[in-house]
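Okay, structure first, notes after.
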There are 2 protein chains.
Amino acid sequence: MSLAQEKITKMTKALRQAGVRVTKQRIALLAVLGEADDHPDAEELLRRTKRVEPGMSLATVYRTLSVLEAEGVVHRHSFEGGGARFETADQSHHDHIVDLDSGEVFEFNSAKIEQLQTEIAREMGYEVIHHRMELYCRKLGSGSGKGD
Amino acid sequence: MSLAQEKITKMTKALRQAGVRVTKQRIALLAVLGEADDHPDAEELLRRTKRVEPGMSLATVYRTLSVLEAEGVVHRHSFEGGGARFETADQSHHDHIVDLDSGEVFEFNSAKIEQLQTEIAREMGYEVIHHRMELYCRKLGSGSGKGD
DNA sequence: TTGTCTGCAAAGGATTTGCACATGA
DNA sequence: TCATGTGCAAATCCTTTGCAGACAA
């Protein structure tokens with residue numbers, strides 16, 4: 001079974017778990033989400049889903065994403081500029097690098113940084129419930145001054 | 001000269017620098033910003049400014065903040081939930097801890113974390129232009145189970 | 001069957017903008 | 001003076017919601 005198929009199965013279960021119906025629009029969206037390896041926004045998910053299910057609407061995209069997010073199988077990110085972007089939650093926790101020029105998003109994680117965050121919060125009398133860390137970057141060598 | 005006064009002076013210069021007029025509405029807003037040691041949103045800044053300058057409007061708050069932000073003397077943050085929150089940019093770079101229960105925002109900074117971020121980005125072929133790091137926290141001991 | 005979904009369009013919240021009048025330099 | 005700023009209301013952008021017909025269980 002492919003990774004995409006596993007994701008789809010997991011999300012389908014999440015829908016049943018949430019007690020909502022598994023409609024053909026939702027099935028189509030799950031397929032799109034399962035295959036996406038980027039971080040599409042709602043409009044992009046609509047565009048992709050419409051290829052298979054032309055009747056799909058933006059409202060249904062948002063409604064379904066909300067259910068999946070509540071079940072913890074989809075994550076919603078609000079990067080700088082533009083609307084929310086989504087990804088399936090199968091992989092382990094990670095943070096993001098956003099390419100300022102292309103808008104592409106890459107994942108990374110650092111146990112060391114998380115450890116430091118926990119320590120810093122503890123020193124201030126706090127416990128970290130969750131965090132957000134995004135590095136807005138440009139490709140090395142594309143900087144001002146040298147490039148053409 | 002008080003710290004607040006220094007901030008106000010700096011922001012006034014920034015307005016002149018930007019080539020815009022220093023109106024009484026803007027002066028009132030600068031005073032509010034200079035004295036704020038929290039991270040108020042636009043509505044809150046309007047509320048505070050109106051005490052001194054009752055005619056102040058939300059549009060002018062936003063317009064002035066945009067100028068100050070462009071000049072680099074005010075920073076705009078978009079924490080989870082709710083609109084943007086602002087702070088004067090006098091202090092050196094720092095990141096934020098958001099108290100999930102009270103909404104209060106605290107500052108911290110960690111050279112070690114920044115160092116690690118730079119290294120991680122470099123390994124992926126990127127240079128960090130800027131970053132966003134927020135720790136959403138609860139007070140230690142206020143966790144579920146024990147507290148009342 | 002029948003309670004839930006759906007698409008559509010209208011509503012919402014935050015922020016920006018057009019306009020005619022007011023005002024700082 | 002007169003270009004720029006102001007308040008107001010309307011417009012935007014992204015997301016959510018109400019409604020009447022469609023459909024999964």
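Because only heavy atoms are used, hydrogens play no part in the values below, and waters and symmetry mates are left out as well, while side chains stay in. Computed from a prediction, not measured in an experiment: that's the story for all the values here.
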Relative to each other, are the rings of B/F79 and B/H77 parallel, tilted or perpendicular (30° and 60° limits)?
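Aromatic pair B/F79/B/H77 classed parallel.
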Taking five pairs at each end, how big is the angle between the two axes of the helix from C/dT1-D/dA25 to C/dA25-D/dT1, to 10°?
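It comes to 30° between the two terminal axes.
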Rounded interatomic separation in angstrom, taking [atom1] from [X] and [atom2] from [N]:
X: A/R16; N: C/dT4; atom1: CZ; atom2: P; value: 17 Å
X: A/L15; N: C/dT4; atom1: CG; atom2: P; value: 16 Å
X: A/L46; N: C/dG7; atom1: CG; atom2: P; value: 9 Å
X: B/E43; N: C/dA14; atom1: CD; atom2: P; value: 7 Å
X: A/L58; N: C/dC5; atom1: CG; atom2: C1'; value: 16 Å

Rounded to the nearest 0.5 Å, how far does CD1 of B/I129 lie from CG of A/L100?
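So the CG of A/L100 and the CD1 of B/I129 are separated by 6.5 Å.
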Between CD on residue A/Q115 and OG on residue A/S110, distance to nearest 0.5 Å
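Here the interatomic distance stands at 10.0 Å.
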Does a salt bridge link [X] with [Y], judged by any charged N lying under 4.0 Å from a carboxylate O?
X: A/E119; Y: A/R122; value: no
X: B/R138; Y: B/D99; value: no
X: B/D38; Y: B/R48; value: yes

Going by number, which of residues 65-87 of chain B have a non-hydrogen atom under 4.0 Å from DNA chain D?
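Here the set is empty: none.
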Tell me yes or no: between the side chains of B/H131 and B/Q117, is some donor less than 3.5 Å from an acceptor?
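Yes, because at least one side-chain N or O of B/H131 sits under 3.5 Å from a partner of the opposite role on B/Q117.
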Polar side chain donor-acceptor pair, B/H94 to B/H75, under 3.5 angstrom:
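On atom types as modelled, these side chains do not qualify, holding no pair under 3.5 Å.
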Side chain of B/Y62, heavy atoms from C-beta onward: which of C/dT15, C/dA25, C/dT17 has the nearest atom to it?
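Of C/dT15, C/dA25, C/dT17, C/dT15 is nearest to the side chain of B/Y62.
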Does CZ in B/R16 sit with more than 12 non-hydrogen atoms of other residues, nucleotides or ligands closer than 6.0 Å?
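Counting other residues, nucleotides and ligands, CZ of B/R16 stays at 12 neighbours or fewer.
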Has B/K50 got more than 12 heavy atoms of other residues, nucleotides or ligands less than 6.0 Å from its NZ?
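No, NZ of B/K50 has 12 or fewer neighbouring heavy atoms, counting only those of other groups under 6.0 Å.
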For A/A42 versus A/V61, what's the shortest heavy-atom pair and its separation?
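Minimum heavy-atom separation between A/A42 and A/V61: O-CG1, 3.9 Å.
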Just grab all the ring-ring contact (aromatic ring centres under 6.0 Å, His included) pairs involving residues 8-55 of chain B, residues at least two apart or on different chains.
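Of all non-adjacent pairs touching residues 8-55 of chain B, those that pass ring-ring contact (aromatic ring centres under 6.0 Å, His included) are B/H39-B/H96.
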Partners of B/F108 by ring-ring contact (aromatic ring centres under 6.0 Å, His included), sequence neighbours excluded?
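Applying ring-ring contact (aromatic ring centres under 6.0 Å, His included) to B/F108 gives none.
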Contact boundaries on DNA chain D for chain A, cut-off under 4.0 Å to non-hydrogen atoms
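Range of nucleotides touched by chain A: D/dC14 to D/dA25.
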May I ask you to evaluate whether A/T23 reaches the phosphate of C/dT4, defined as a side-chain N or O under 4.0 Å from OP1 or OP2?
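Result: no.
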Assign each of A/M56 and A/R21 to its nearest nucleotide of DNA chain C by heavy atoms, then name whichever residue's nucleotide is nearer the 5' end.
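Closer to the 5' end of DNA chain C: A/R21.
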Hey, can you pull the residues of residues 24-35 of chain A with a non-hydrogen atom under 4.0 angstrom from DNA chain C?
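Hits under 4.0 Å, by residue number: A/Q25, A/R26.
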